[in-house]
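Written below as structure tokens is the structure these notes are about.
A note on names: the letters A, B, ... follow the listed sequences, proteins ahead of strands, and every chain is numbered from 1. We use all heavy atoms of the structure for the numbers below, so side chains are in, but hydrogens, waters and symmetry mates are not.
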Amino acid sequence: MPEPGVLEQVETSTQTRLAPPWNVIVHNDPITLMSYVTMVLQRLFGYDYGKAYSLMMTVHREGRAIVWTGPREPAEIHVQRLHSFQLLATMECTQE
Amino acid sequence: MNPPRLRRRPDGGIVFDQLTPAFLHVLHELPELLGTDQPDVVRQRLYPPPTDDDQTNQEWERLVHPDLFSLIASAREIVLKDLQSLATSEPSDDAPLGIWSFAIPGAHIPGWLSALNAGRLALGALHELDEADMQDELAFEEFSDKQFAIVKIYLLSWLQQMLIEEQGDYPPQTLDEIEQWEQHLNADDDGPNDAPQDDNPEDADPSGDGDEPDSDDDEPETPG
């Protein structure tokens with residue numbers, strides 16, 4: 001029969017936090033055709049022409065545009081695909 | 001001299017007609033621009049880092065760059081193969097060197113789009129062309145290497161634009177589409193850098209086949 005003793009109870013708690021989303025960003029470059037950027041955004045993201053054109057114009061006017069936001073892994077895939085079309089694309093976390 | 005023309009073949013391929021020797025010269029330079037011995041400045045443009053984190057970028061180089069190299073190499077092979085099909089008409093007073101045409105099979109069009117774009121970017125990187133260079137009028141008093149590169153970029157732009165128009169599904173055709181487009185443009189004026197939140201992008205492959213209907217865009221414009 002076990003000796004009576006003191007049983008320590010360790011209280012634990014778990015906190016879960018959603019991973020912050022990542023932005024996929026397309027940057028302006030002086031060579032790439034505007035129509036090509038629009039076409040790529042339509043193909044990769046399924047955007048209609050208006051949305052793709054609008055994003056392209058943001059890139060053109062402001063130097064960059066966030067073209068997609070979401071979890072990190074899909075963001076990496078999007079950047080890889082944008083690079084495969086030779087667009088200047090980066091990704092950055094929405095929270096530092 | 002008439003500008004080059006593009007016509008669609010029944011089998012989905014296209015034919016570039018009325019190409020002048022200047023176009024041919026630039027097209028024949030494409031494979032060299034896309035070769036494996038590219039200068040660092042070209043590689044940096046064609047294979048840019050995805051983040052500002054060195055460790056992530058090194059991993060990216062190791063895992064992603066081989067695929068990107070393969071895509072460019074594949075596009076280069078397509079260009080080399082199709083350029084072999086060049087055909088010329090008889091020289092005439094108007095075109096003493098002849099008028100050239102060549103065919104691109106439908107399955108090769110994405111490769112050509114990629115090659116034309118990469119070739120233009122390579123020229124831009126090699127000659128350190130910036131926004132101001134590309135917006136200069138093409139009226140040079142002295143033809144420097146840089147200006148010659150700009151002319152080549154514009155020639156390639158012309159062909160690339162024709163291919164994009166052949167592949168694209170724009171501009172909007174119906175009233176609903178036009179209205180939708182205008183709404184996007186208005187929204188852009190209010191908050192131009194809003195992030196789209198779509199989480200279900202359609203799959204796409206830069207070397208895949210695109211079969212969208214015709215389009216009718218303006219002449220090539222840079223930059224994007």
Going by ring-ring contact (aromatic ring centres under 6.0 Å, His included), name the residues that satisfy it together with B:Phe16, two or more places apart in sequence or in a different chain. B:Phe102
Neighbour count >12 (heavy atoms, 6.0 Å) for atom CZ, A:Arg72: yes
Please report, to 0.1 Å, the donor-acceptor pairs under 3.5 Å made by any side chain of residues 58-68 of chain B, with sequence neighbours excluded.
from	atom 1	to	atom 2	distance (Å)
B:Glu59	OE1	B:Arg62	NH2	3.1
B:Glu59	OE2	B:Arg62	NE	3.4
B:Glu59	OE2	B:Arg62	NH2	3.3

Hey, which of A:Thr32, A:Val40, A:Ile31 is the one that makes side-chain contact (heavy atoms from CB on, under 4.5 Å) with B:Asn117? A:Thr32
Side chains of B:Pro50 and A:Glu76, heavy atoms from C-beta outward: is any pair under 4.5 Å? no
Atom CG of A:Leu33 and atom CG of B:Leu113: how far apart are they, to the nearest 0.5 Å? 10.0 Å
For the student: nearest non-hydrogen atoms of A:Gln86 and B:Arg45, plus distance: O-NH2, 2.8 Å
Inter-residue atom distance B:Thr51.OG1 - A:Trp22.CH2, 0.5 Å rounding: 7.0 Å
Heavy-atom pairs under 4.5 Å with chain A, option from B:Asp53, B:Asp130, B:Ile72, B:Leu123 with the top count: B:Asp130
Using every non-hydrogen atom in the two residues, find where A:Ser35 and B:Gln161 come nearest and quote the distance to one decimal. OG-OE1, 2.5 Å
Can you tell which part of A:Glu92 gets under 4.5 Å to a heavy atom of chain B, answering side chain, backbone, both or neither? neither
Could you tell me whether the side chain of A:Pro30 reaches within less than 4.5 Å of the side chain of B:Leu129, counting heavy atoms only? no
Inter-residue atom distance B:Leu163.CG - A:Met39.CE, 0.5 Å rounding: 9.5 Å
Shortest non-hydrogen contact from B:Ser114 toward A:Ser84: OG-O, 4.3 Å
